[in-house]
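Everything below concerns the one structure shown next.
The sequence lines fix the lettering, A, B, ..., with proteins before strands; numbering per chain opens at 1. Values below: every heavy atom of this structure, side chains too, minus hydrogens, waters and symmetry copies.
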Amino acid sequence: MLLGSDYPVIVRDLEKVYPGNVHALKGISFSVRRGEIYGLIGPNGAGKTTTLRIIATILEPTRGDALVEGYSVVGEPDRVRRVISYLPEDAGAYKYLTGLEFLYFIAGFYTDDQDRMDEMVREAARISGLGDRLRDKIKTYSKGMLRRLLIAKTLMVNPRVAILDEPTSGLDVINATKVRRTIKKYADERGVTVLLSSHNMLEVEYLCDRVGIIHEGRIIAEGPPRKLVEEYNAENLEEVFTKLVGEEVV
Amino acid sequence: MKTFKIILVKELKSMIRDPKIIIAMIIVPLILTGIMYAAMIGFMGQVAREAEKKGGSLVLVDMDHGNWTGTVKELLKMNGYRLINASSLDEAWRILGSSNALGALVIPKGFSENLSSIKPAHISVYTVIRSISILSFTRSGKVMEAVTILSKNLTLIVTTRHGVPKEFVEKPVDARLAILLKNKLLETRDVEAVIGGLITTVIIIPILVMILSGFIAQLSATSMAVEKEEKMLETLLSLPLSRTQLIAAKITAAAIIGFLGVLVYGGLYIWFFSSLTTVGSSTSTSVVTAGISALYSIIGPYTITGLFIALIGLVLFILGLAILLSLFVEDVRSAQIVSGYIVFPLAILVFISMFIDPVSMDQTTRLIVAAIPMINVGLIIPYGFIGDYSSIIVAVASSLVYAGIVIWFTGRVVSTEKVFTMRLFKKKWRLRRR
Ligand SMILES: Nc1ncnc2c1ncn2[C@@H]1O[C@H](COP(=O)(O)OP(=O)(O)O)[C@@H](O)[C@H]1O
Ligand SMILES: [Mg+2]
């Protein structure tokens, strides 16, 4: 029996059928321990985004449920929303607002207290490292700056569970490394539980305490990256994945 | 109210800073009104001045050489016409062809003789249309004006000679008019203007409402699409916020900006039409105002209140519809097209309502028609006029009910995953099934 206090995220037999009879998830179960960084990894179309969207209360599961801090995403989505902070894949920000205005906009939903809000935005400034550029309109930001702003808005509210969908995808090596370091550092400092996804199997070896390998809507292996590599007698996670799915992926 | 406030502030900030909105709300109306102004004031002004300008050149062929032709020439000159004498029709046409004369008058033999013996005299009038344009038509019309002036003055001269008083000749029957509006009397000297005023009221109210709601529909439709375009919808849906307040804030922001836009448009149009009346002559604002106040006193405060409530219902109905449809499109451009889809057919319904005559329907039909969306609002004034208050109540109630249904339904959709998954224009998904 998993205890909610030890496992802020408990996913049970999630199934998702999209209109058009697309079976995106075929029964996914996993749990995330408090304070760990858990990575869902798998190729494009494996079902990572669908899983995270269900946990983030954007989508409703066809069957199964997920508990976040003990709240069901099916039964109490409003409560779930108060304990999570979600960064969607391919997210944007209001381009006519400045970085600061955007951060205050987000902070306003989490607290009514002005001091607490200022604190959150200061934290975001630190996390993003954007400095004075926060006073400029988001319109003028580069892709890397925008992503750092979004990572900052997600983490600044000090959520019980941070959900990051492909936080580094589409970024160049330098920006991707910066983002990875930020996430790792913040999670270590604050002990926040992070659930992220990636199709880059190498980056999760660095980032995640545990990973779930997801393929065609099922979790086909789970464990700490180092242990999985040993278990399957592989060089890295990529090889683990190839061995797992056999001839299907070359 | 927290969500409402945060979203509203964000909406207003974004809209005010968005150059597209500034262009749509200030620059486009300015340009449109500017063009209309240039066209109307410049061109119509020219036409009006041309029409008012006294006289012009006339070619005169005198075949009579009698004692009255001198008077004719005298009268024409007095009224500002310049006369070019021609000795024959051929010469007259030659002159018409080569000069800028308005036309030709031919006084035939026997003209003076007829007048002297108090018999109608004849005159042939030739007018020229030099080009197909309003200006050219106006000039042609002025030849007939010359004849009218002639007839009037000749009558005066002849009748006063026979001892008939001038006032009698000018206006033998002086009419004082009154219109019986239902059971109130409205005294006037200009029936046409009053009726014009009433028609304007009946037509202008729906049109103003359509402009306003079209504007707001457009803004509220795009304001949801903006979230998708800015890739913020998913983030918003994961935030601890009230979705009802989210929609309410969007509608409010659209309404605020929309009203500002209508003020800009309204202001420009009022300025435009008031500058028109200074150029033209016919529209007398005071008569129109008299018509409106007469109408008000007849249909009474209940109908006006009903109309007001029904209008609010109508605006909410359109807004709800706009937001609902815009949930299912991907970008601002599709949202604009979609809001066009709804506003246009609804506008047609309102226009239909202008041509429905409630007097010719029986009570049951009136009640049924009063429950048709859009038409119901357009019919409130006509219903008030004939005093059918039960139909008014149905119209007001149905307009509120439709608004309620649409907004309730929108709220339902927004609180399910459909807000995120449904698409009006289906995009093909990569299907990776094995
Ligand atoms: N809105 C949708 N409608 C239909 N099918 C979808 C939709 N979203 C995703 N899918 C399908 O579901 C599967 C899983 O997609 P997704 O969760 O986005 O994968 P990943 O994030 O791992 O790349 C894919 O086959 C994808 O085509
Ligand atoms: Mg994905």
Could you tell me the separation between the CD1 atom of A/Ile138 and the CD atom of B/Glu230, rounded to the nearest 0.5 Å?
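Separation between the atoms: 8.5 Å.
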Within-4.5 Å side-chain heavy-atom neighbours: [X] and [Y]:
| X | Y | value |
| --- | --- | --- |
| A/Asp90 | B/Lys231 | yes |
| B/Phe420 | A/Arg53 | yes |
| A/Tyr86 | B/Glu234 | yes |
| A/Ile106 | B/Leu239 | yes |
| B/Ile6 | A/Phe109 | yes |
| B/Lys13 | A/Phe105 | no |
| B/Glu417 | A/Thr57 | no |
| A/Leu97 | B/Ser14 | yes |

So which part of A/Lys139 gets closer than 4.5 Å to some heavy atom of chain B, the side chain, the backbone, both or neither?
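Contact with chain B involves no heavy atom of A/Lys139 at all.
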Less than 4.5 Å to any heavy atom of chain B: does that hold for the side chain of A/Tyr104, its backbone, both, or neither?
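Contact with chain B involves no heavy atom of A/Tyr104 at all.
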Given heavy-atom pairs under 4.5 angstrom as the criterion, report whether the side chain, backbone, both or neither of B/Thr416 touches chain A.
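Contact with chain A is through both the backbone and side chain of B/Thr416.
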Which bit of B/Leu236 is near chain A, if near means a heavy-atom gap under 4.5 Å: side chain, backbone, both or neither?
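Side chain only.
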Check against side chain to side chain donor-acceptor pair (under 3.5 Å), A/Tyr94 and B/Glu227
CA-CA 8 Å; A/Tyr94 300 118; B/Glu227 300 295 346; 2.6 Å; yes
Shortest non-hydrogen contact from B/Ser238 toward A/Ala56:
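Minimum heavy-atom separation between B/Ser238 and A/Ala56: CB-O, 3.9 Å.
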Under 3.5 Å, side chain of A/Arg81 to main-chain N/O of B/Leu237, donor-acceptor pair present?
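Present.
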Do the side chains of A/Lys95 and B/Glu229 get close enough for a salt bridge, i.e. N-O under 4.0 angstrom?
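Looking at B/Glu229 together with A/Lys95, the answer is no, because their closest N to O distance does not fall below 4.0 Å.
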Salt bridge flag under 4.0 Å for residues A/Glu60 and B/Lys418:
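So A/Glu60 does not pair with B/Lys418 through a salt bridge.
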